Amino acid sequence: MAFTLGIDIGTYQTKGVLVDEDGAIHAQAARDHKMLVPQPGWAEHRPEEDWWGDFVYVCKALMQSSGLDPREIKAVACSAIGPCMLPVDGDGAPLMNGVLYGVDGRAEAEVQELTDRIGEATIIARCGNALTSQSVGPKILWLKRHRPELYARTAHILTSTSFLVQRLTGEVVIDHYTAANFSPLYDVARQDWVDDLADDIVALNKLPRLLWSNEIAGTITEKAAAETGLAIGTPVTAGTIDAAAEALSVGVDQPGDMMMMYGSTIFIILRAQTQVSDPRIWYAPWLFAGEHASMAGLATSGTLTHWFRDQLARDLDPAEAFALLAQEASTSPPGANGLLMLPYFSGERTPIHDTQAKGAIFGLNLTHTRGDMYRALIEGIAYGTRHVTDTFTALGQAPSRLLAVGGGTQNALWLQATSDITGIDQVVCEKTVGASYGDAFLAAHAVGLVERSDIAEWNPAERTIRAVPQPVYDKAFTLFRRLYEQTKDIAEEIGNE
């Protein structure tokens with residue numbers, strides 16, 4: 001029996017699995033870490049501790065619990081949060097904390113400047129995406145301007161997955177799916193790095209070598225083997241962003257398949273028939289050559305439920321708090337007794353791309369309970385999700401099948417509210433392990449152990465959440481949209497004080 005190893009670095013937790021060639025999980029391990037918020041609008045991880053340290057810890061835990069000979073592991077694949085921005089020196093040592101994906105809005109001024117200078121239409125035509133807080137190019141320019149001493153020492157700009165692969169193999173690589181988030185430095189037609197749109201950001205030789213996610217980046221080095229317990233020479237794939245690996249884990253493979261990931265954020269990936277570029281959503285080449293993906297993501301979702309628990313449910317046992325809050329919320333009817341919540345506690349990503357957007361709980365009166373507020377929170381996230389799915393539909397990209405994945409799939413209230421508010425049925429697969437399982441499948445595919453279609457046998461569908469029309473939700477969604485529009489100038493003024 002051959003085995004593959006998949007490890008994923010998430011926003012708050014690292015997870016790993018050892019899987020055999022039939023898709024059976026032989027070992028699982030996890031380790032928590034924190035997202036650092038050194039100031040409002042910033043989000044960081046510590047690369048040595050949170051990325052590589054977690055990888056080593058989880059890898060050793062998997063090996064110990066499984067009892068496998070390291071030589072039985074035929075390939076390794078990893079994924080991580082992304083797109084991130086991490087400058088490293090000539091030895092691959094991090095020069096600062098990793099700057100996280102779209103939840104970090106520190107480069108807002110650079111986004112605006114580059115957009116004004118190049119032109120949004122040109123950027124979309126060449127890069128497939130408008131510049132937003134998700135874009136890495138402006139964050140590199142921020143580094144150059146605000147940390148010039150670090151920029152001067154930078155040998156390469158990595159993302160989280162690139163950093164792991166470099167530690168494992170010594171190779172500096174990045175997959176095309178992740179690279180497409182480096183606008184305005186990646187040309188989607190040429191599928192290559194370019195500097196003709198902005199030659200003052202970074203020298204292209206400081207960017208990683210481009211590969212597809214099912215290509216082998218290199219093999220485990222002697223040093224990496226000593227640290228991880230893996231066998232020298234084990235193949236390692238180029239890897240990808242966690243959300244893409246998660247989509248693969250539940251069978252997003254054919255055009256029209258859509259993944260909805262319920263995690264620290266809601267993230268959506270549609271396997272698209274063709275390239276569709278629009279400033280409201282994101283585009284990237286899919287994990288395999290010649291294929292396309294459209295993406296969208298909220299800035300807060302699971303993070304917002306954690307905030308609510310930590311700030312408004314301190315009387316509850318943290319281990320039981322979410323279940324108890326869901327019980328309280330279930331006593332509140334659809335529409336949360338007239339409460340509306342804007343879930344923009346870290347600004348918002350798609351489709352409004354507003355880093356100054358603020359969270360709000362609107363409509364409170366003395367009869368409202370904590371259950372009403374928690375239901376309004378869940379519904380607010382679902383309204384934000386409908387804003388995204390309506391945008392996909394308006395672009396001619398309505399999903400033919402929606403697959404739900406992530407920790408939030410354990411929250412029945414959240415799943416049902418999302419289906420009812422969006423009007424879309426959701427399929428939940430047998431295994432909800434997530435991105436690390438997709439990594440293990442990708443590793444198996446990369447070395448020829450499985451075909452892509454085998455994922456349906458690895459992880460079959462288990463249940464379907466049917467959308468139940470609720471007239472109150474259509475009206476509430478309209479009010480949700482109006483509430484944002486009528487308060488965004490106030491939110492911007494608050495943000496600029």
Side-chain angles (χ1 to χ4, degrees), residues 258-262 265-268 270 278-281 294-305 308 326 329-330 332-354 356-365 368 371-399 402 404 408-409 411-426 465-491:
M258 176 181 278
M259 175 206 73
M260 186 172 294
M261 182 178 75
Y262 291 79
T265 68
I266 289 284
F267 200 85
I268 293 171
L270 176 76
D278 184 277
R280 291 169 291 180
I281 61 173
S294 295
M295 291 81 61
L298 306 188
T300 52
S301 45
T303 50
L304 191 51
T305 64
F308 191 96
S330 67
S332 180
N337 283 317
L339 280 187
L340 281 175
M341 176 177 280
L342 296 182
Y344 308 143
F345 280 49
S346 297
E348 186 54 293
R349 299 193 286 174
T350 57
I352 62 175
H353 298 294
D354 184 354
Q356 296 296 326
K358 299 291 186 295
I361 305 175
F362 186 80
L364 283 165
N365 62 52
H368 284 121
D372 292 325
M373 288 190 285
Y374 192 66
R375 183 172 193 111
L377 177 149
I378 294 297
E379 291 177 347
I381 297 169
Y383 293 136
T385 303
R386 175 174 169 176
H387 198 178
V388 170
T389 57
D390 282 2
T391 301
F392 274 98
T393 299
L395 292 170
Q397 295 199 86
L402 195 156
T409 59
N411 187 326
L413 176 70
W414 192 358
L415 276 180
Q416 191 63 57
T418 300
S419 278
D420 294 349
I421 287 171
T422 62
I424 303 173
D425 296 344
Q426 300 177 82
I465 290 81
R466 303 290 182 187
V468 179
Q470 303 282 356
V472 68
Y473 284 146
D474 288 332
K475 178 181 179 181
F477 178 65
T478 300
L479 295 175
F480 173 87
R481 295 284 306 277
R482 285 175 57 193
L483 181 61
Y484 164 69
E485 293 294 338
Q486 293 180 12
T487 59
K488 67 179 181 179
D489 58 332
I490 299 173

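These figures come from a predicted structure and were not determined experimentally.
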Any side-chain heavy-atom pair of [X] and [Y] under 4.5 Å:
{"X": "Thr422", "Y": "Thr385", "value": "yes"}
{"X": "Tyr374", "Y": "Thr305", "value": "yes"}
{"X": "Ile268", "Y": "Thr350", "value": "no"}
{"X": "Ile352", "Y": "His387", "value": "yes"}
{"X": "Leu342", "Y": "Lys358", "value": "no"}
{"X": "Val388", "Y": "Pro351", "value": "yes"}
{"X": "Ile266", "Y": "Trp414", "value": "yes"}

With side-chain contact (heavy atoms from CB on, under 4.5 Å) as the test, would you mind laying out the steps for Leu479 and Phe362 before giving the verdict? CA-CA 11 Å; Leu479 295 175; Phe362 186 80; over 6 Å; no

Of the non-hydrogen atoms in [X] and [Y], which two are nearest, and what is the gap between them?
{"X": "Ala404", "Y": "Tyr262", "value": "CB-CE1, 3.9 Å"}
{"X": "Gly380", "Y": "Pro343", "value": "O-CG, 3.6 Å"}
{"X": "Leu340", "Y": "Ala476", "value": "CD2-O, 3.8 Å"}
{"X": "Ala398", "Y": "Thr393", "value": "CB-OG1, 3.8 Å"}
{"X": "His353", "Y": "Ile281", "value": "NE2-N, 4.3 Å"}
{"X": "Met258", "Y": "Leu270", "value": "CB-CD1, 3.8 Å"}

Looking at residues at least two apart in the chain, or sitting in another chain, which of them share a ring pair (Phe, Tyr, Trp, His ring centres under 6.0 Å) with [X]?
{"X": "Phe392", "value": "none"}
{"X": "Phe345", "value": "Trp307"}
{"X": "Tyr484", "value": "Tyr344"}

Could you tell me whether a side-chain N or O of [X] sits under 3.5 Å from a main-chain N or O of [Y], the two making a donor and an acceptor?
{"X": "Ser419", "Y": "Ile424", "value": "yes"}
{"X": "Gln426", "Y": "Leu415", "value": "yes"}
{"X": "Glu379", "Y": "Gly335", "value": "yes"}

Going by side-chain hydrogen bond (donor to acceptor under 3.5 Å, both in side chains), name the residues that satisfy it together with [X], two or more places apart in sequence or in a different chain.
{"X": "Thr303", "value": "none"}
{"X": "Thr389", "value": "none"}
{"X": "Gln486", "value": "none"}

[atom2] on [Y] to [atom1] on [X], rounded to 0.5 Å:
{"X": "Leu413", "Y": "Thr418", "atom1": "CG", "atom2": "OG1", "result": "9.0 Å"}
{"X": "Asp354", "Y": "Arg349", "atom1": "CG", "atom2": "CZ", "result": "14.0 Å"}
{"X": "Gln356", "Y": "Asp489", "atom1": "CD", "atom2": "CG", "result": "12.0 Å"}
{"X": "Glu348", "Y": "Lys488", "atom1": "CD", "atom2": "NZ", "result": "13.5 Å"}
{"X": "Ile378", "Y": "Met373", "atom1": "CD1", "atom2": "CE", "result": "13.5 Å"}

Can you list the residues that meet the salt bridge (Lys or Arg N to Asp or Glu O under 4.0 Å) rule with Arg466, with sequence neighbours excluded? Asp425

Results of salt bridge (Lys or Arg N to Asp or Glu O under 4.0 Å) for Asp278 - residues two or more places apart only: Arg280

Tell me every residue that passes side chain to side chain contact (heavy atoms under 4.5 Å, CB included) with [X], counting only those two or more places apart in sequence or in another chain.
{"X": "Ser332", "value": "Ala336, Asn337, Asp372, Arg375"}
{"X": "Ser346", "value": "Ala299, Thr300"}
{"X": "Asn365", "value": "Thr367, His368"}

Would you call the rings of Tyr383 and Phe480 parallel, tilted or perpendicular, taking 30° and 60° as the class edges? tilted

Restricting to pairs with a member in residues 385-396, which pass salt bridge (Lys or Arg N to Asp or Glu O under 4.0 Å), not counting sequence neighbours? Arg386-Asp390, Arg386-Asp474

